[in-house]
2 protein chains.
Amino acid sequence: MPRADTARDRILDAFQRVLISSGERAATLDAVAAAAGVSKGGLLYHFASKDALVDGLLERLDTFAAADDERMRSAPEGTVDYVIRTSVEEGSAFDEALIAVSRLAQGSHEKARTALAAVRARWETAIAAAVGDPAVARTIMLVSDGLYYNSTLLGAFETSDTRDGAMDELLAVLGRLTPASPGPAAAS
Amino acid sequence: MPRADTARDRILDAFQRVLISSGERAATLDAVAAAAGVSKGGLLYHFASKDALVDGLLERLDTFAAADDERMRSAPEGTVDYVIRTSVEEGSAFDEALIAVSRLAQGSHEKARTALAAVRARWETAIAAAVGDPAVARTIMLVSDGLYYNSTLLGAFETSDTRDGAMDELLAVLGRLTPASPGPAAAS
DNA sequence: GTCTATAGGGTGATAGAC
DNA sequence: GTCTATCACCCTATAGAC
């Protein structure tokens, strides 16, 4: 179901690509159809309306988010490490769906914004479970939000943030906030 | 110049209002003209094109940002306190211009994104000057970004963040990161 | 300065051929 | 399943009356 080479999936891939590289406004049915290598009519056979196309992408995001949820909680480096490091784009399928939906949310699409908030809620819950102090958990979540905001919305990571070791530095700073316990390895 | 009741300013106010409440896509010349109480033709007399309208808003933002820069550096509560607290919407004229430009940046508008990055750069510089450690400064800036992301883009502050004292709590957590010196009062 | 009218281009969606 | 018209609508911008 997730990685089939059906026409539907190829169209969703194209939709994502156009959204990510050119934004919501450019993601017209015409543009998506062209990127998918079909005509507008062909696209509309698989997705009866633009809203249906959006819903398809939102479902895809939800599938990926559920998978990420498990990975996040069982991450060997620890939940906080995992969440912070994956806050900045790395090119996974989940990432791509997430950024595409972000572009959608940037437009006006209410459903996309809700879906995004739901993904964020998963992260927040996991961080709260990993760190004792709720105020610290909130701080860490906000840092994650900040990384995400910079990398996907502002597109401004030419400065210090791509630098190798910047992430380790950041995690070291955040590590100082959890008085009791483990940044890395809360082991078995 | 900044607070005159000229027709230009009334139109820019209307542009802001529509952008904030209905998003970039809804901010058509028709909608802005209606909100400003003029016709489309009337609007286009003052701003020759939609691009000119955007430029007008960007100039307004820059004026406010320059004023904010001074306030930020001379804030009696300290720069970090000031930046963090003003990261979440409070309804100032600066805020409104900032959010309006954000909505614009959410579309595709490159100039708006650049303007937003410039404002962020002002904050980052000021924080770096106030806090010794650059890694800590970056962390604080990311928290500010996160607050901004949540309040203006996700619109998700119904949870813990509006709560009275949430900001104090957050600032207390961040205060633990500056080993040497003063959250509040680096006084005279 | 502000209005109405209209040109010109793009967008989502339908109908019907293949 | 996929394509080529084609429709109705909305958006920016211009022209010219008042």
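Residue numbers start from 1 in every chain, and the chains themselves are labelled A, B, ... in the order their sequence lines are given, proteins ahead of strands.
- As a whole-Å value, the separation of A:Arg8 CZ from D:dG1 P is 12 Å.
- Out of D:dC3, C:dG12, D:dA13, the shortest distance to the side chain of A:Lys40 is found at C:dG12.
- Residue B:His46 places its side chain closer to C:dT2 than to any other of C:dG12, C:dT2, D:dT12.
- Distances shown here put a side-chain N or O of B:Tyr45 below 4.0 Å from the OP1 or OP2 atom of C:dG1.
- In this structure, the side chain of B:Arg103 engages the main chain of B:Thr152 through a donor-acceptor pair within 3.5 Å.
- Nearest nucleotide to the side chain of A:Leu29, out of C:dC3, C:dT2, C:dA13: C:dA13.
- Using a cutoff of 4.0 Å between basic side-chain nitrogens and carboxylate oxygens, B:Lys111 and B:Asp55 are scored as salt-bridged.
- When rounded to the nearest whole Å, the span between CZ of A:Phe47 and P of C:dG12 equals 15 Å.
- At whole-Å resolution of the value, CG in A:Asp5 and C1' in D:dG1 are 16 Å apart.
- Atoms CG (B:Asp30) and P (D:dA13) sit 12 Å apart, rounded to a whole Å.
- Residue contacts shown for A:Thr28 are limited to sugar-phosphate atoms, with no base heavy atom under 4.0 Å away.
- Heavy-atom distances to DNA chain C give each of B:Ser39 and A:Leu44 a nearest nucleotide, and the one nearer the 5′ end belongs to B:Ser39.
- Ionic pairing of B:Asp168 and B:Arg85 is present here: one or more N-O contacts between side-chain nitrogen and carboxylate oxygen are shorter than 4.0 angstrom.
- Remark: B:Asp68 engages B:Arg71 in a salt bridge, criterion side-chain N to carboxylate O under 4.0 Å.
- Rounded to whole Å, atom P of C:dT14 lies 15 Å from atom NZ of A:Lys50.
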